[in-house]
Amino acid sequence: MYMGYLDSLNSKQREAATCVDGPLLILAGAGSGKTRVLIHRIAYMIDEYNVSPWNILAITFTNKAAGEMRERVDKMIGQGADSIWVATFHATCVRILRRHIDLLGYDTGFSIYDTDDQKTVMKGVLNRLDIDPKVMREKTVLNAISSAKDELIDPEEFAENSKGNWKYEQIARAYEEYQKTLKRSNALDFDDIIVLTIELFKKHPEVLDNYRERFRYIMVDEYQDTNTAQFELISLLAGKYRNLCVVGDDDQSIYKFRGANISNILDFEKVYPEAKVIKLEQNYRSTQNILDAANNVIKNNSARKDKALWTDQGKGSLVHLRQFDNAYEEADFIAGDIRSVCRKGEYDYRQCAVLYRTNAQSRILEEAFVRDGVTYDIVGGVNFYARKEIKDMLAYLKTVDNAVDDVAVKRIINIPRRGIGATTINKISDYAADNDISFYDALCRCEEIPGVQKAVKKLDSFVNMIRVFRSKLEVYGIKGLIDDIIETTGYVEELRLSDEDDSVDRIENIDELVTKIVNYEENTEENSLSGFLEEVALVADIDGVDSDANKVLLMTLHAAKGLEFDRVYIAGCEDGVFPSSMAIFDEDPTAVEEERRLAYVGITRAKKELTLTYAKQRMLRGETQYNAVSRFVKEIPVELMDNRPPKARTENFFSDDYIEKREESTPTTGRKKISFLDLDSRPGSKAPIATKIDYVVGDRVKHMKFGEGVVTKIEDAPKDKKVTVIFDELGQKVMYAGFARLTKV
DNA sequence: CGTACTAGTCTTTTT
DNA sequence: GACTAGTACG
């Protein structure tokens, strides 16, 4: 048979696209055309292998990736393509749970809680358990719980593992109570979505079997980012037919903090011994110089599958390296450079992107782009759906949809002001807890509750309002409902009358939400309020990016994964920024390796021109820092760059010339003056902090992150002191005094 | 019960 | 430096 459409693939790609049965690992380097392979593979399965589209499941991490794959599959296959299941992990699981979660004792109308909601729940939990939030912060507890869930550790097992460690025992109590609270509110957090699907499959084999039959052919994209729970989920689904194709690049694994387990990809062949492995190393995106830069950086990592990208596209330009005195000049340069090449007509704004390590870096860049009149879009930062006014509106919708969602009801009961205060709310909460009913149900019976008599009238009218909203929804749909909410509550009216300077923005945001609702109702077949809320809960920042608009994109390196641009700028290439100081001072050396993978991701986004910039002085968290050029820049051979990085940091940073320039170049605000003494004693670090050590061997000291411990050794190191501390909880660590900022206790 | 001020945290990345 | 949550006061 002749399969013309496979002609456009290279031999490795073709091999991958035509390997249909059994486990398959495709190690796809950056820009090696893996999405092409996946699309062709699906077409091949259907056309030549008679696989029913109905039996194919393709899983991605973001809605954007899912949408792109959907579009390309539709184009290539046409008829029947819509019965292929293409969705993110979370969307897939939510769809399954909406059908079967009643088997686990939840209602199928469950809510999904975001980080903000989780915090609210945890605050209540700690309060009830008499755990002082100053001793143990909500975030700490939630992080521990999230990691546990990623590893499929339930509250019981967590408690078992925590015995003897007071801190973990407290977290174990909180974990148990937190789960109970969520269940009472008929709510799931992000991790629950995966964990409960696994629980469902394990407790109800007939349900699992149903989906195993349905999904006979499974594909997982960005496999290097899967965590233990996601791995388990996939293993369960693929357990019967073993037609599992995973695509990924261990060098692009950058989500360890979110539980991603790189051994899922590194050990794939151990778990599936019969697996076929295909490496895609030919790159169709970048010039050879850019690839060489990427290869030379990533080769410094230890645990990785050996591979090297190559292209037949020629060397291209050198990598551009630029040094600046501070972040303002860096931003001016980037905006100005983009403006000038685009004015010459060499590039469009849409072909340029600026990448950075932390969202906080975006503000200064943004200001420069505004000044230069360069249109831009920022990806990420404060999520649209996390804004106060949007969360308020959503809380109304959630209350109408799922009244047992306590977080939502409590959020809006007094917004806008209805004169229902904390005391009343607490009494109702207590009553609800005592009688094991939801907060809303308690509201409905408020006349029985002692001590809230004065508020009964107000509470009744609130409950009535929700009831009216509910009937409104049935007759007029979601758009009708939101209009009524805005009208009845006077929320927007209040903003209009307010003299806050951001009230106009807030109103615009609410308008945008209404537009999103209209779009949803028009474009979704079986649209429902819970469907809308679910879609909203599962969006990622990157999902909203419009790559057709002629704008420069500004985003974090993480958000850039999977994208490509002709011109890429990576700003803030400094040790302490990128790699982050957190990673540098982590006792685990693989922390820097993860940052290096991030550098690899960033470099390989560039098709033609790559510019790396760094600043000698940068304001971070309200402190002026002096950082050396990033170690990753130094890992790029100088012959690949149009500038060489300074040989030693001292050469740049402590010359008279430099000090003078710095003083002149920062007239903008009252930034701190720094004396020579400070600089001299604390190279490349937070400058204006006394370097005197006020502790000696044997003293107890406190570290911001590691907690308390005893100093066992202090030794001289170049320009600093090396301190060894045995921490109560984490054991022995060696650190530089200047950075560790230990305080005597 | 609502407002105004203060203290503390954060900045690594997010489905 | 910016934002948020918590507290004191009217």
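Numbers restart at 1 for each chain; the letters A, B, ... are given by sequence-line order, proteins then strands.
Phosphate contact (OP1/OP2 of B:dC10, side-chain N/O of A:Arg137, threshold under 4.0 Å): present. In this model, the phosphate group of B:dG2 is approached by a side-chain N or O of A:Asn414 to a distance below 4.0 Å at OP1 or OP2. Contact between the side-chain N/O atoms of A:Ser580 and the OP1/OP2 oxygens of B:dT11 is not found at any separation under 4.0 Å.
Computed from coordinates, the A:Phe384 CZ to B:dT14 P distance equals 18 Å when rounded to whole Å. Taking atom CG of A:Asn227 as the reference point, atom C1' of B:dT15 lies 10 Å away to the nearest angstrom. Computed from coordinates, the A:Asp117 CG to B:dT15 P distance equals 16 Å when rounded to whole Å. Rounded to whole angstrom, the span from the CD atom of A:Glu222 across to the P atom of B:dT14 amounts to 15 Å. In this structure, the CG atom of A:Asp225 is 12 Å from the P atom of B:dT14, given to the nearest Å. Whole-Å rounding puts the A:Arg621 CZ to B:dG8 C1' distance at 14 Å. In this structure, NE2 of A:His558 is placed 11 Å from P of B:dT15, rounded to the nearest angstrom. Distance A:Tyr356 OH to B:dT11 C1': 13 Å, rounded to the nearest Å.
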What protein N or O atoms touch nucleotides 5-10 of chain C N or O atoms at under 3.5 angstrom, if any, and at what distances?
none

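Between A:Lys516 and A:Glu535, none of the side-chain N atoms (NZ, or NE/NH1/NH2) sits under 4.0 Å from a carboxylate O, so this pair counts as no salt bridge. The residues A:Arg371 and A:Glu367 are annotated as not salt-bridged, no charged nitrogen and carboxylate oxygen being separated by less than 4.0 angstrom. Ion pairing between A:Arg304 and A:Glu593 fails under the 4.0 Å rule for side-chain N and carboxylate O. By the 4.0 Å N-to-carboxylate-O rule, A:Asp114 lies close enough to A:Lys391 to be salt-bridged with it. With respect to the salt-bridge test (charged N to carboxylate O, under 4.0 angstrom), the residues A:Lys64 and A:Glu68 qualify. Using a 4.0 Å cut-off between charged nitrogen and carboxylate oxygen, A:Lys149 and A:Asp189 count as a salt-bridge pair.
Within 4.0 Å of A:Asn359, counting heavy atoms only, lie sugar-phosphate atoms of the nucleic acid but no base atom. Nucleic acid contact class of A:Thr423 (heavy atoms, under 4.0 Å, all strands): sugar-phosphate only. Note on A:Lys139: only backbone sugar-phosphate atoms sit closer than 4.0 angstrom, heavy atoms only; bases stay farther off. In this structure, A:Glu595 reaches the bases: a heavy-atom distance under 4.0 Å links it to at least one base atom across the strands shown.
Comparing C:dT4 with B:dT13, their P atoms are spaced 15 Å from each other, to the whole Å.
The A:Leu620 side chain lies nearest to B:dT11 when the options are B:dT15, B:dT11, B:dT14. Taking only side-chain atoms of A:Arg417, from C-beta outward, the nucleotide of B:dT3, B:dC1, B:dC10 with the closest atom is B:dT3. Among the nucleotides B:dT14, B:dT15, C:dG1, the one closest to the side chain of A:Ala559 is B:dT14. Considering only side-chain atoms of A:Phe257, the nucleotide from B:dT15, B:dT14, B:dC1 that sits closest is B:dT14. Nearest to the side chain of A:Thr556, among B:dT13, B:dT15, B:dC1, sits B:dT13.
Two residues, A:Ala422 and A:Thr358, neighbour DNA chain B, and the one matched to the more 5' nucleotide by heavy-atom proximity is A:Ala422. Mapping A:Arg418 and A:Phe61 onto DNA chain B via the closest heavy atom, the residue that lands nearer the 5' end is A:Arg418.
Shown are A:Asp150, A:Asp225, A:Asp588; of these, the salt bridge (charged side-chain N to carboxylate O under 4.0 Å, His left out) with A:Lys256 is made only by A:Asp588.
The side-chain heavy atoms of A:Ile298 and A:Arg597, taken from C-beta on, include a pair separated by under 4.5 Å.
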